[in-house]
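Here the structure comes first, spelled out in structure tokens, and everything after it is commentary.
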Amino acid sequence: MDFQTFDTIRKNYAAKIRRLIIPIVIMLIIMVLGTPLSMMFTGGRAVIDPLSFMAVSFIILTILIIVFAFSMRQDAKDYKNAYKAYFVSQALSKIFTDIDYHHDQGIAREELKATDMIRLGSIYHSNDYFSAKYHDVSLRQADVDTKERYTDSDGNTHYVTIFKGRWMIFEFPKPFTFRLQVIQKRFSAGKKAGKNQETGRKLKKISTESITFDREFKVLAEDDFEAYYLLDPAFIDHIEQLAAGQKGKIMLCFKDNQLHVAIYDGKDAFEPPSPLKEVDEAAEFAKTASDIKTITDYVDFLKLDRKLFSNKNQK
């Protein structure tokens, strides 16, 4: 796909949205001005009860919006697919090798549950999944959105977001001999760590040699010595730099042969802009490159490609 094809899809979608906006705007005007205008022509007497008029108008407006949204589902999907095919796929191929990208798939709920890192809630969604290699480091990423549903005393249903952001998994040839979690303060989705079901060892809170790091992060580990070996001053400094570069809060977990990184920023990566605006090709590639840099920074800053973790830390 080329940019011209993408932009044609965008323009067609935008034209349909604009045509459908007109009846919605008219309905809004009727809702706001309907009763006052009728009173002007009837000597100040309302032809219909204002509250009833507003209720009926709101129902009609809601039906219109639902019908319009349903009628444009395919157009919205085509626009998103075109954006991913042109911008995201190209940008990924410039940085990674062995790419397997599926924007409509995600990381399985069961895999995140097995990490015992976060509370998953009753509603789980994940998309924009891809796996690839960067500097010989195998990695995977997807957007994750998990919510808890509850009903209040009045019978009303509410949804509370537990985690919304990016989930990255970096894989290594051999498993670690210990489990370690590094949780930034105010990372509210974190689950209270319990006992490792495989080793029987309980994760406990430890302090590092850095006062500023301990003030900003909580460290949970099965083994003090192994944790201190990994969290040397250089590694701590790299984590602090990564956290400073994120708008959200982060959590890292070393488990088995994987490093899991969760970034809770309330956003989805690789999302297209509004179809109603002209798309700046260079700006979109720059935005996508910035999303990708968030991933590569963890390999570069933590030096994952330089075999930072010696055989001492692996089985």
**OP:** Might you point out which heavy atoms bring Glu148 and Ser122 nearest each other, and give the distance in Å?
**Re:** OE2-OG, 3.2 Å

**OP:** State, yes or no, whether a side-chain contact exists between His135 and Lys303 at a heavy-atom distance under 4.5 Å.
**Re:** no

**OP:** Taking the side chain as every heavy atom from C-beta outward, state whether Ile107 and Ile169 have any pair of such atoms under 4.5 Å apart.
**Re:** yes

Original post:
Do other residues, nucleotides or ligands put more than 12 heavy atoms under 6.0 Å from Gln90 CD?
Top reply: yes

Original post:
Are Thr5 and Asp2 linked by a side-chain donor-acceptor pair shorter than 3.5 Å?
Top reply: yes

**OP:** Apply side chain to side chain contact (heavy atoms under 4.5 Å, CB included) to Thr296 and list each qualifying residue two or more places apart in sequence or on a separate chain.
**Re:** Ile95, Phe96, Tyr134, Ile292, Lys293, Asp300

Subject >> All side chain to side chain contact (heavy atoms under 4.5 Å, CB included) counterparts of Asn127, not counting sequence neighbours >> reply: His125, Asp143

Original post:
Would you call Lys84 and Glu271 a salt bridge, taking side-chain N to carboxylate O under 4.0 Å as the test?
Top reply: yes

Subject >> 4.5 Å side-chain heavy-atom contact, Tyr83 and Val279 >> reply: no

Original post:
Using the ring of each side chain (for Trp, its six-membered ring), is Tyr13 parallel, tilted or perpendicular to Tyr79, with breaks at 30° and 60°?
Top reply: tilted

Original post:
Is any side-chain heavy atom of Lys164 closer than 4.5 Å to a side-chain heavy atom of Val144?
Top reply: no

Subject >> Flag side-chain contact, heavy atom, 4.5 Å: Phe254 against Arg179 >> reply: no

Can you list, pair by pair, the side-chain donor-acceptor contacts under 3.5 Å of residues 212-221, counting residues two or more places apart and other chains?
from, atom 1, to, atom 2, distance (Å)
Thr212, OG1, Ser210, OG, 3.1
Asp214, OD1, Thr208, N, 3.2
Asp214, OD1, Thr208, OG1, 2.9
Asp214, OD2, Thr208, N, 3.0
Glu216, OE2, Gln184, NE2, 2.8

Subject >> Atom CD of Gln74: over 12 foreign heavy atoms under 6.0 Å >> reply: yes

Subject >> Partner residues of Gln241 under the side chain to side chain contact (heavy atoms under 4.5 Å, CB included) criterion, sequence neighbours left out >> reply: Asp237, His238, Phe301

Subject >> Asp75 and Ile9: CA distance, side-chain angles, deciding distance, side-chain contact (heavy atoms from CB on, under 4.5 Å) verdict >> reply: CA-CA 8 Å; Asp75 297 281; Ile9 294 173; over 6 Å; no

Original post:
Can you name the salt bridge (charged side-chain N to carboxylate O under 4.0 Å, His left out) partners of Asp265, sequence neighbours left out?
Top reply: none

**OP:** Taking the side chain as every heavy atom from C-beta outward, state whether Met168 and Ile263 have any pair of such atoms under 4.5 Å apart.
**Re:** yes

Original post:
Hydrophobic cluster mates of Tyr159, side-chain heavy atoms under 4.5 angstrom, ILVMFWY only, any path?
Top reply: Ile123

Original post:
Would a 4.5 Å heavy-atom cut-off, applied to side chains only, mark Ile17 and Leu276 as touching?
Top reply: yes

**OP:** Can you sort out the partners of Lys249 under salt bridge (charged side-chain N to carboxylate O under 4.0 Å, His left out), two or more places apart, ordered by chain and number?
**Re:** none

Subject >> Shortest non-hydrogen contact between Ile295 and Phe170, atoms and distance >> reply: O-CZ, 3.9 Å

Original post:
Is there any ring-ring contact (aromatic ring centres under 6.0 Å, His included) pair reaching into residues 269-288, and which pairs are they, with sequence neighbours excluded?
Top reply: Tyr86-Phe285, Phe87-Phe285

Subject >> salt bridge (charged side-chain N to carboxylate O under 4.0 Å, His left out) partners for Lys204, two or more places apart >> reply: Asp224

**OP:** Kindly write out the residues that satisfy salt bridge (charged side-chain N to carboxylate O under 4.0 Å, His left out) with Asp7, not counting sequence neighbours, or none if the list is empty.
**Re:** Arg10, Lys11

**OP:** Taking side chain to side chain contact (heavy atoms under 4.5 Å, CB included) as the test, write out the residues that go with Tyr150, two or more places apart.
**Re:** His158, Val160

**OP:** Measure across Pro272 and Lys287 and return the closest heavy-atom pair with its distance rounded to 0.1 Å.
**Re:** C-NZ, 4.4 Å

Subject >> ring-ring contact (aromatic ring centres under 6.0 Å, His included) contacts in which one or both residues fall within residues 98-124, not counting sequence neighbours >> reply: none

Subject >> Shortest non-hydrogen contact between Pro275 and Ala14, atoms and distance >> reply: O-CB, 3.3 Å

Original post:
Could you go step by step and tell me if Trp167 and Tyr129 meet the side-chain contact (heavy atoms from CB on, under 4.5 Å) rule?
Top reply: CA-CA 10 Å; Trp167 198 284; Tyr129 172 91; over 6 Å; no

Original post:
What's the shortest heavy-atom distance between Ala114 and Lys255, and which atoms?
Top reply: O-CE, 3.3 Å

